[in-house]
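Read the structure below first, then the notes.
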Amino acid sequence: MKDWSSYDTIVIGGPIYAGQIRKEVTAFCEEHMELLKQKRLGLFICGMQEEAVVLEELQRSFPPELLETARVSAHFGGEYNFDKMNFLDRTLVKKIAKVTTNQSDIKEETIAAFAEKLNERSGKEGDPHDSSKERSDPPSLGHDRRLLLLRHTLLGKLL
């Protein structure tokens, strides 16, 4: 992986399978904890969980120190797309979730609110992630504030 220490904003997340986020995400967070706590941080999970389960899974997916320092955290919804699943995944979804057709519950408004919150000025004196002037243009990967997006698979779309 390339050096990401110069990035101001980092978004970390991924899908929840069997109640857990990918172990690579957990390992990355633990390995880079101190640097991540110094960044403008957004954390998310994806999946087709019921709302009552989402908060618990979000809390389990990331270390408490990161959840406390993150500017925003959210559940982006999910989808079952049988056309993209392998045989084992299709079988598991049919047995466990009792779903047999494609379903989508991608929370577009939540994703937009996440991006807006992540990019707003904090209003805190001396915040190194706030620029001295408001920007009217949206941030992009080529802009002065670069965004590093770490993900395993995120529903094929984000921000």
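With sequence neighbours excluded, the residues forming a salt bridge (Lys or Arg N to Asp or Glu O under 4.0 Å) with D105 are K107, listed by chain and number. A97 pairs by the side chain to side chain contact (heavy atoms under 4.5 Å, CB included) definition with Y80, V93, V99, not counting sequence neighbours. Scored by the salt bridge (Lys or Arg N to Asp or Glu O under 4.0 Å) test, E68 finds no partners at all (sequence neighbours excluded). Partners of E57 according to the side chain to side chain contact (heavy atoms under 4.5 Å, CB included) rule, which considers only residues two or more places apart in sequence or in another chain, are I16, I45, Q49, V53, R60. Applying the side chain to side chain contact (heavy atoms under 4.5 Å, CB included) rule to T100 yields the partners K94; only residues at least two apart in sequence or on another chain are considered. Contacts of E109 classified as side-chain hydrogen bond (donor to acceptor under 3.5 Å, both in side chains), with partners at least two apart in sequence or in another chain: none. With sequence neighbours left out, the side chain to side chain contact (heavy atoms under 4.5 Å, CB included) criterion links L35 to W4, S5, Q38, K39.
Within the 4.5 Å cutoff, the side chain of F62 has no heavy atoms near those of the T26 side chain. Annotation: side chain of E79 is not in contact with side chain of Q103 (no heavy-atom distance under 4.5 Å).
Residues A70 and L43 come closest through the heavy atom pair CB-CD1, 3.8 Å. Nearest heavy-atom pair across I21 and G14 is CD1-N, 3.8 Å.
From S73, atom OG reaches atom CG of L118 across 11.0 Å, with rounding to the nearest 0.5 Å. In this structure, OG in S61 is found 10.0 Å from CD in E56, a value given to the nearest 0.5 Å. Atoms CD1 and CG, on I10 and L36 in that order, are 5.0 Å from each other to the nearest 0.5 Å. With values rounded to the nearest 0.5 angstrom, H32 atom NE2 is found 9.0 Å from I12 atom CD1.
Follow the hydrophobic side-chain contacts under 4.5 Å out from M85 and you never reach Y17; the two are in separate clusters. In this structure, L55 is not a member of the same hydrophobic cluster as L66, with clusters built from ILVMFWY side-chain heavy atoms closer than 4.5 Å. I106 and M48 are members of different hydrophobic clusters when ILVMFWY side chains are connected at heavy-atom separations under 4.5 Å.
Between F76 and F44, the ring-plane angle classifies as parallel under the 30° and 60° cut-offs.
Checked by atom type and distance alone, the side chain of H75 pairs as donor or acceptor with a backbone atom of G47 at under 3.5 Å. No side-chain donor-acceptor contact under 3.5 Å links R71 to the backbone of L41.
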Check against side chain to side chain contact (heavy atoms under 4.5 Å, CB included), F82 and D89: CA-CA 8 Å; F82 286 92; D89 288 340; over 6 Å; no

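Atom NZ of K117 sits in a sparse spot, with 12 or fewer heavy atoms from other residues, nucleotides or ligands closer than 6.0 Å.
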